[in-house]
Q: 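Take a look at this one; I'll ask things after.
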Amino acid sequence: MPTYWTQTVIPTLRQAPGDAEVPSHQLMLRAGLVRKLGSGSYSYLPLGLRSLNKVIAIIRDEMANAGAAEIFMPTLQPIDLWEQTKRREAYGDNLFVVTDRHGRVQALGPTHEEVVTDLIGACISSYKDLPKTVYQIQTKFRDEFRPRFGVLRSREFLMKDAYSFHTSLEGGAGSGSLDETYDKQYAAYQRIFERCGVPFMIVEAEAGPIGGNASHEFMVPSPTGEDTILTNDAGYSANVEKCETGPRDSDLTGDATGELEAVNTPGCAGIEDVCVFFKKQLKTKLATKNMLKTLVFSGANQRRVVAVVRGDHEVNEAKLRATVGCDIAMGDQDEMRNAGFAIGYVGPHVAIGKDDVDVYVDPDAAQGGFWVTGANETDHHHKHFNWQRDLIDQGVNVTVADIRNAVEGDPAPAERGGGTLQATKGIEVGHVFKLGCKYTEALGVTVSDENNQRVPVIMGCYGIGVNRILAAAIEAKTETRTGHDDNGIIWPAAIAPFTVVITPIAYEGQVKQVVDDLASTLETEHGMDVLVDDRSAEIARPGVKFKDADLIGIPIRITVGEKGLANGEVEIKARDGSNGAKGETITVDQCVAHCVALLQNIA
RNA sequence: CGGGGUGUAGCUCAGCUUGGUAGAGCGCUUCGUUCGGGACGAAGAGGCCGCAGGUUCAAAUCCUGUCACCCCGACCA
């Protein structure tokens, strides 16, 4: 049965509510796909749900192809599971926690590693039971620090999460290894996003709080994306947090620009504060790139790690950790103060005379020239800091290493093809990880091997932000596909709420007859989803129907009016403009065939 | 959590500075004329001015508190 406009709920809006800023958010609201209930939680109206369900159907299909079995796990999860894996702390305030009437504490699942590991762990006992891949499509809860951009960052969202279990890490087809399944999921993801018609790029990523050591993100390029991706011409692409850089020069022996001079900078604990202070109070221009940003971490064995980057750069903890060779953490502020670090005013020379402090500096900061740095005394900074004179000659060892986030313009690593790194913004729609044994170890999941020895179980996990795909499809802007224009959404055919909208100029008499025939033929013989705009002229005159059809972005519109019918003709128009700005006039007889043909050319 | 901002009709917003019975456009209802790209005219309906206190003869407007929402920031010291 075709869907009739008057029988469904499509509350289109002429103006977007004022709190919607990004195009996908505005259009999802205007086209009547979703409505906001509260900060970061959205209801799905019929149009939105239909698209969501189409995405879900594609995901299910590809998961089945990849050999994953669908399951369904609870949202309410005992907090001890989270304590056993130490993730209650790792997730911190992002974890929604509820207490039941008996005072038992539960987490609302932001993800399900703990629960699946517990679940599947109890279902397997032998290496012969592996590999196994399971997945679910379910609502996740995250107490986001700041929900925003509508459905792009919400507190409640739909996620497809798959988990795989193995006894071996590496091995090709038929081995049952983690690598094999990872590759299958990776390929399934490529097909899913291709079929959904969203342009995407695959990016090397940090694993984040999920854990594990190899990971790729699937990103939809868009200016409203919250992630920064760096690429080179040779095809290397990585998330900023992960991106490696090629060699950069350093020169710790560069000349000083003057005598070390203390400057009173009351209340200027931040880089920006100091620059503003210099400009306003001292009438001196000071750029952030002329400052040294000095961070203090606690490392293993009671040692401190002092990391120094240029004021306009960011320390990358993962890189620093790799350089230092042991786990490090941001120090507690009070503890740091007691240990003699003037938090907010720390400079590299804080290491002088301290044998439990190691200094690491990024090449761009390890240069001669003019530096302003913290003076290791609250409310004071130093001008004319010089590495050789003020630190190395004082007996401090300094290690120069890449410890910062990459930025646009950095050299790309030679082994990745070299060249220069370019930055783009992306919306993360999928993420695959090789988890390893993090969860199975924490929860004691093992399996017997050929020799009847208990061996650890290795895991992988694979997530897709289902509703993000909708927003990303609308948001997308590439040479090949645009998700929206001034008139509204332009859906990829595969996830459009309907494939065809039929717009009768007046739904009555012969027009009505033709419309109903077309709708039923398209549905029953070609499996299309058809929306018939049966609103009467009193409710919606033709102009309104056209505007609404454009707004909700249905790929093909067929217009049927008395005038055309007098010549046995109807009009057909592709939303993406692929058959001209005004569409084409064709005979009723050709309409169905032409519609099918047109649809094949629409992404 | 810090900073900034906004809560007035279904939607977008004006009114607040300088207190004096609540406004516009769109949408909605009825009637008429229209009817192929958001029609026109006429007549209507619709608001506890987020909530709670306070000041005042009088509060959407001033004060205090509170809640909600939005933006910016962020273990970067």
Side-chain angles (χ1 to χ4, degrees), chain A residues 11-22 25-26 29-30 32 35-41 92-93 143-150 241 265 267-274 288 291-298 306-317 320 328-337 341-347 350 362 365 373-374 376 378-379 381 403-405 486-488 503-508 511 533 535-551 557 559-566 569-571 573 581-583 585:
Chain A
T12 57
L13 256 26
R14 213 156 164 159
Q15 285 167 297
D19 55 15
E21 290 208 318
V22 301
H25 190 195
Q26 293 174 343
L29 257 9
R30 284 191 56 209
R35 282 289 116 105
K36 185 171 78 173
L37 211 215
S39 178
S41 50
D93 291 338
D143 195 354
E144 286 294 340
F145 187 78
R146 182 143 91 87
R148 60 178 140 179
F149 302 148
E241 288 141 31
T265 50
C268 298
I271 298 283
E272 293 294 335
D273 296 338
V274 177
T288 53
M291 292 195 60
L292 294 177
K293 188 186 281 183
T294 309
L295 273 59
V296 186
F297 295 83
S298 350
V306 166
V308 187
V309 297
R310 230 166 62 180
D312 56 333
H313 291 153
E314 307 291 329
V315 170
N316 181 305
E317 277 196 44
L320 182 60
I328 50 163
M330 269 300 201
D332 176 74
Q333 293 208 12
D334 290 335
E335 190 212 328
M336 288 294 175
R337 284 204 182 86
F341 296 93
I343 297 302
Y345 303 89
V346 180
V350 73
D362 184 79
T373 176
N376 298 310
T378 298
D379 294 339
H381 280 79
I403 56 166
R404 65 160 170 83
N405 283 347
D486 290 345
N487 294 318
T503 308
I505 296 301
Y507 186 62
E508 57 194 22
V511 170
D533 193 347
R535 289 177 291 179
S536 71
E538 280 196 340
I539 294 176
R541 293 151 49 89
V544 173
K545 292 184 177 184
F546 295 145
K547 286 286 183 190
D548 275 346
D550 286 348
L551 214 209
R557 189 185 78 210
T559 307
V560 184
E562 236 176 66
K563 283 185 209 162
L565 239 34
E569 288 172 340
V570 296
E571 282 154 45
K573 179 171 182 287
K582 296 211 162 148
T585 302

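In what follows, chains are A, B, ... by sequence order, proteins preceding strands, each numbered from 1. Side-chain atoms are counted along with the backbone in the values below, which use heavy atoms only and exclude waters and symmetry mates. These figures come from a predicted structure and were not determined experimentally.
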Q: Any side-chain heavy atom of Glu571(A) sitting closer than 4.5 Å to one from Val560(A)?
A: no
Q: Once you apply a heavy-atom cut-off of 4.0 Å, does Asp93(A) come out as touching a base, just sugar-phosphate, or nothing?
A: nothing
Q: How far does the P atom of G3(B) sit from the matching atom of U8(B), given to the nearest Å?
A: 24 Å
Q: Rounding to an integer number of angstrom, what distance separates C63(B) and C75(B) when you compare their P atoms?
A: 36 Å
Q: What nucleic acid atoms does Gly18(A) come within less than 4.0 Å of, heavy atoms only: base, sugar-phosphate, or nothing?
A: sugar-phosphate
Q: NZ of Lys563(A) versus C1' of C35(B): gap in Å, rounded?
A: 10 Å
Q: Which atom pair, heavy atoms only, marks the closest approach of Val308(A) to Ala365(A)?
A: O-CB, 4.2 Å
Q: Are any of the side-chain heavy atoms of Met291(A) and Arg310(A) separated by less than 4.5 Å?
A: no
Q: Just to be sure I understand the rule, does Glu21(A) reach a base, reach only the sugar-phosphate, or reach nothing, if contact means heavy atoms closer than 4.0 Å?
A: sugar-phosphate
Q: P atom, G4(B) versus A42(B): distance in rounded Å?
A: 48 Å
Q: If we check side-chain contact (heavy atoms from CB on, under 4.5 Å) with Val309(A), which of these qualifies: Leu295(A), Asn405(A), Val315(A), Leu292(A)?
A: Val315(A)
Q: Quick one: label Arg404(A) by what it contacts on the DNA or RNA (base, sugar-phosphate, nothing), any heavy atom closer than 4.0 Å.
A: nothing
Q: Would Asn376(A) and Tyr345(A) satisfy side-chain contact (heavy atoms from CB on, under 4.5 Å), going step by step from the backbone distance to the final call?
A: CA-CA 5 Å; Asn376(A) 298 310; Tyr345(A) 303 89; over 6 Å; no
Q: Can you tell me which nucleotide in G36(B), G38(B), C72(B) comes closest to the side chain of Glu571(A)?
A: G36(B)
Q: Work out how far the C1' atom of G46(B) is from that of C11(B), and round it to whole angstrom.
A: 14 Å
Q: Hunt down the Watson-Crick or G-U wobble partner of A59(B), both distances under 3.5 Å, from any strand shown, or write none.
A: none
Q: Using a cut-off of 4.0 Å on non-hydrogen atoms, how would the nucleic acid contact of Thr559(A) be classed: base, sugar-phosphate, or nothing?
A: base
Q: By nearest nucleotide on RNA chain B, pick out whichever of Ile539(A) and Ala581(A) is the more 5' one.
A: Ile539(A)
Q: Given C11(B), C35(B), C70(B), which nucleotide is nearest the side-chain atoms of Asp19(A)?
A: C70(B)
Q: So, is Arg541(A) close to the A39(B) phosphate, meaning a side-chain N or O under 4.0 Å from OP1 or OP2?
A: yes
Q: Quick one: Glu144(A) CD to C69(B) P, roughly how many Å, whole number?
A: 15 Å
Q: Round to a whole Å and report the spacing from CG of Leu13(A) to C1' of U12(B).
A: 10 Å
Q: When you measure from the side-chain N and O atoms of Thr503(A) to the phosphate of G36(B), is any distance below 4.0 Å, counting only OP1 and OP2?
A: no
Q: Work out how far the P atom of A52(B) is from that of A45(B), and round it to whole angstrom.
A: 27 Å
Q: Could you measure between the two C1' atoms, the one in G19(B) and the one in U56(B), and give it in whole Å?
A: 9 Å
Q: Which base, if any, makes a Watson-Crick or G-U wobble pair with U12(B), both distances under 3.5 Å?
A: A24(B)
Q: Mind checking the C1' distance from A60(B) to C72(B)? Whole angstroms is fine.
A: 29 Å
Q: When you compare U12(B) with A22(B), how far apart are their P atoms, in angstrom units rounded to a whole number?
A: 23 Å
Q: Once you round it to whole Å, what is the distance between P of C70(B) and CG of Leu37(A)?
A: 12 Å
Q: Taking a pair as Watson-Crick or G-U wobble with both distances under 3.5 Å, which nucleotide is matched to C40(B)?
A: G32(B)
Q: Which base, if any, makes a Watson-Crick or G-U wobble pair with U17(B), both distances under 3.5 Å?
A: none
Q: Can you tell me whether the side chain of Arg535(A) and the base of G38(B) have a donor-acceptor pair closer than 3.5 Å?
A: no
Q: Considering only side-chain heavy atoms of Ser39(A), which listed nucleotide, G25(B), C69(B), G37(B), is closest?
A: C69(B)
Q: Do Glu314(A) and Lys293(A) meet the salt-bridge criterion of a basic N to acidic O distance under 4.0 Å?
A: yes
Q: Please determine if a side-chain N or O atom of Arg14(A) lies less than 4.0 Å away from the OP1 or OP2 oxygen of U12(B).
A: no
Q: Give the rounded distance in Å between these two atoms: CG of Asp143(A) and C1' of C1(B).
A: 12 Å
Q: Using a 4.0 Å heavy-atom cut-off, does Gly374(A) contact any base of the nucleic acid, only the sugar-phosphate backbone, or nothing at all?
A: nothing
Q: Pick base, sugar-phosphate or nothing for Lys36(A), based on heavy-atom distances below 4.0 Å to the nucleic acid.
A: sugar-phosphate
Q: Judged by each residue's nearest nucleotide on RNA chain B, which is more toward the 5′ side, Val544(A) or Ala16(A)?
A: Ala16(A)
Q: For the pair Glu569(A) and Lys563(A), evaluate side-chain contact (heavy atoms from CB on, under 4.5 Å) and give the outcome as yes or no after the intermediate values.
A: CA-CA 8 Å; Glu569(A) 288 172 340; Lys563(A) 283 185 209 162; over 6 Å; no
Q: In whole Å, I'd like the distance from the CD1 atom of Ile505(A) to the C1' atom of G36(B).
A: 4 Å
Q: Heavy atoms only, 4.0 Å cut-off, all strands: where does Arg310(A) land among base, sugar-phosphate and nothing?
A: nothing
Q: On a heavy-atom basis, which atom in Val296(A) and which in Val346(A) lie closest, and how many Å separate them?
A: CG2-CG1, 4.0 Å
Q: Whole angstroms only, please: what is the CG-P distance between Leu29(A) and G10(B)?
A: 17 Å
Q: How many whole angstroms separate atom CD of Glu538(A) from atom C1' of G32(B)?
A: 12 Å
Q: Find the partner of G46(B): check Watson-Crick (N1-N3 plus N6-O4 or O6-N4) and G-U wobble (N1-O2, O6-N3) distances, both under 3.5 Å, and reply none if neither fits.
A: none
Q: If you look at every strand shown and take non-hydrogen atoms under 4.0 Å, does Arg146(A) touch a base, only sugar-phosphate, or nothing?
A: base
Q: Under a 3.5 Å cut-off for both distances, is C69(B) Watson-Crick or wobble paired, and to whom?
A: G5(B)
